[in-house]
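Computed from a predicted structure; not experimentally measured.
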Amino acid sequence: MMETELTRKLNIQYPILQAPMAGGPTTADLVASVSNAGGLGSLGAGYLSPDQIRHAIKEIKQRTDRPFGINLFIPEPSMTHQDNIADMNNHLDTFRAALGIAPNPSIPKAAESFEEQVQVVLEEHVPVFSFTFGIPSREIILSMKQRGIVVIGTATTVHEAIDLETAGVDAIVAQGSEAGGHRGTFLTSTADARIGTMALVPQMVDHVTVPVIASGGIMDGRGLVASLALGASAVQMGTAFLASAESGAHAAHKQKILSSGEDSTEVTNAYSGKAARGILTDFMKDMRDYPGTVPAYPIQNALTRDIRQAAAKAGNPEYMSLWAGQGLRLATDQPTADIVKRSVEEAVLLIKNMGNLGCSEENGESM
């Protein structure tokens with residue numbers, strides 16, 4: 001009942017993909033647990049060095065013999081003026097003072113080498129390679145596919161999905177506006193690409209021939225069934241797993257997820273220079289009044305790193321980036337495998353009940 005074109009392509013039991021949340025939440029335990037439960041676990045490796053990625057892949061392989069994925073960020077040219085960087089660094093000293101850390105630190109390396117990260121994925125023969133923020137070169141996509149690696153891109157509009165299919169991807173994540181974390185928009189402004197999952201998925205399905213994966217606000221079997229009904233071949237769930245024991249999210253982050261509601265999130269570029277949805281914090285509120293230009297990603301991400309790390313060490317969520325989607329009230333701290341199992345059981349029951357409803361209507365029975 002849960003078999004789709006994508007489950008067959010990925011060789012997984014259920015059409016449930018775990019969102020590749022970079023920055024720590026996707027531990028080897030989380031990735032392997034989702035895969036072992038019949039879904040597809042995925043490591044958000046955008047911030048990891050090539051050596052860290054290789055080590056993580058080996059850890060995952062020790063925990064599962066099932067397919068899993070590695071997700072990377074497509075590099076983007078940064079055209080931020082040095083004066084804007086200096087102004088922001090000076091402004092951030094207010095937050096550094098509040099956290100008791102040194103002011104005006106030297107700017108750390110903004111991003112890892114994408115080419116070196118890709119080489120690790122190729123060398124380790126990872127089953128699935130996914131990416132966001134753009135499209136890699138045709139050479140990279142071809143190299144992946146020649147090794148039998150399934151390639152998945154991220155789109156927030158139909159036009160982006162069409163470009164991804166033209167580039168040769170095997171499947172496309174339709175990232176709705178409800179989704180937590182960074183927006184994957186790459187062809188238009190982020191503000192113009194905040195289409196809800198329910199509106200985005202069927203339009204994307206109608207314009208591409210590869211499988212579409214619904215993402216954004218999907219937390220349980222109801223979201224899974226709704227997505228399949230809209231034409232999706234699978235769902236991608238992130239926030240649903242963030243508070244689980246296997247998640248590497250900070251304890252304060254998990255507590256915020258479990259205590260927040262559907263109106264608790266906001267899209268901001270204050271932490272990284274790129275639009276991302278997270279639980280509203282004092283840092284986000286204060287940065288609304290910043291009079292200058294926020295440096296583009298990945299510069300701003302590098303500038304705020306010491307603040308986020310110090311906040312995490314102090315257990316202060318008001319300066320941490322608490323990425324989360326809009327389905328917060330449906331989040332639980334259940335084990336990862338239980339979340340997958342419960343979602344599948346809910347979906348199967350719903351499909352059966354809808355089938356029974358159809359039979360009753362055909363027989364002229366009143367409900």
Side-chain angles (χ1 to χ4, degrees), residues 1-20 34 38-42 67 69 71 74 127-136 141 144-145 149-188 192-240 325-327 343-344 347 350-351:
M1 189 177 292
M2 290 285 100
E3 183 177 305
T4 69
E5 179 183 357
L6 191 62
T7 61
R8 292 189 292 270
K9 184 182 290 289
L10 296 175
N11 191 29
I12 59 177
Q13 188 174 2
Y14 305 124
I16 296 176
L17 282 63
Q18 165 246 310
V34 174
L40 182 82
S42 188
N71 177 270
I74 304 301
V128 179
F129 168 61
S130 66
F131 55 87
T132 190
F133 302 163
I135 306 177
I141 292 178
M144 294 287 175
K145 299 181 80 167
I149 298 173
V150 177
V151 180
I152 301 176
T154 304
T156 60
T157 67
V158 170
H159 286 305
E160 290 176 347
I162 291 171
D163 279 8
L164 284 167
E165 181 174 34
T166 301
V169 301
D170 296 299
I172 300 168
V173 172
Q175 187 190 37
S177 60
E178 302 94 328
H182 285 99
R183 305 294 300 150
T185 305
F186 61 91
L187 283 185
T188 186
D192 294 333
R194 294 182 194 171
I195 301 100
T197 307
M198 183 168 287
L200 180 62
V201 170
Q203 295 183 83
M204 196 175 289
V205 168
D206 284 351
H207 285 84
V208 298
T209 61
V210 298
V212 171
I213 302 156
S215 175
I218 301 165
M219 303 287 289
D220 56 22
R222 291 171 293 182
L224 172 55
V225 171
S227 299
L228 295 177
L230 292 172
S233 194
V235 297
Q236 181 170 277
M237 298 162 57
T239 306
Q326 291 182 319
S343 297
V344 171
L350 278 169
I351 292 171

- Query: Do other residues, nucleotides or ligands put more than 12 heavy atoms under 6.0 Å from the CE atom of M2?
  - Reply: yes
- Message: Walk me through whether M237 and S343 qualify under side chain to side chain contact (heavy atoms under 4.5 Å, CB included).
- Response: CA-CA 11 Å; M237 298 162 57; S343 297; 3.8 Å; yes
- Message: Rounded to the nearest 0.5 Å, what separates atom CD in E178 from atom OG1 in T197?
- Response: 3.5 Å
- Sidechain-backbone polar pair: D170 side chain, V151 backbone, donor-acceptor under 3.5 Å: yes
- Considering only heavy atoms from C-beta outward, does the side chain of V173 approach that of I152 to under 4.5 Å? yes
- Query: Side chains of L40 and V34: does their closest heavy-atom pair fall under 4.5 Å?
  - Reply: no
- Query: Taking atom OG of S130 and atom CE of M144, what is their separation to the nearest 0.5 Å?
  - Reply: 10.0 Å
- Note on the structure: CG (D192) and CD1 (I195) are apart, to the nearest 0.5 Å, by 8.5 Å
Show which side-chain atoms of residues 199-217 pair as donor or acceptor with protein atoms under 3.5 Å away, not counting sequence neighbours.
unit_1	atom_1	unit_2	atom_2	d
Q203	NE2	A199	O	2.8
H207	ND1	Q203	O	2.9
T209	OG1	E165	OE2	2.3

- When rounded to the nearest 0.5 angstrom, what is the spacing between OG1 in T239 and CD1 in I218? 10.5 Å
- Message: Ignoring hydrogens, what is the shortest heavy-atom contact between G168 and I141? Give both atom names and the distance.
- Response: O-CG2, 4.0 Å
- L224 and A347 have their tightest heavy-atom pair at CD2-CB, 3.7 Å
Expected list for residues 8-20: side-chain donor-acceptor pairs under 3.5 angstrom, two or more places apart:
unit_1	atom_1	unit_2	atom_2	d
R8	NH1	E3	OE2	3.0
Q18	OE1	S42	N	2.8
Q18	NE2	S42	O	2.7

- Just checking, any donor-acceptor pair under 3.5 angstrom between side chains of Q175 and T154? no
- Message: Please check this pair: side chain of T185 against backbone of T188, looking for a donor-acceptor N/O pair closer than 3.5 Å.
- Response: no
- Query: Given side chains that start at C-beta, do those of H182 and T132 come closer than 4.5 Å, heavy atoms only?
  - Reply: no
- Message: Treating R183 as the side-chain partner and G176 as the backbone partner, does any N or O pair qualify as donor plus acceptor under 3.5 Å?
- Response: yes
- Item | Main-chain N/O of L6 paired with S233 side-chain donor or acceptor, under 3.5 Å | yes
- Message: I need the minimum non-hydrogen distance between E160 and T156, along with the two atoms involved.
- Response: OE1-N, 2.6 Å
- Query: So which heavy atom on A161 is nearest to which on I172, and how close?
  - Reply: O-CD1, 3.3 Å
- Task: Using modelled atom types only, decide if a donor and an acceptor are shared between the side chain of D163 and the backbone of T166 within a distance under 3.5 Å.
- Result: no
- Message: Suppose we call two aromatic rings close when their centres sit under 6.0 Å apart. Are F129 and F131 close by that rule?
- Response: yes
- Item | side chain to side chain contact (heavy atoms under 4.5 Å, CB included) assessment of I135 paired with F186 | CA-CA 9 Å; I135 306 177; F186 61 91; 3.9 Å; yes
- Applying side chain to side chain donor-acceptor pair (under 3.5 Å) to S177 and not counting sequence neighbours gives none
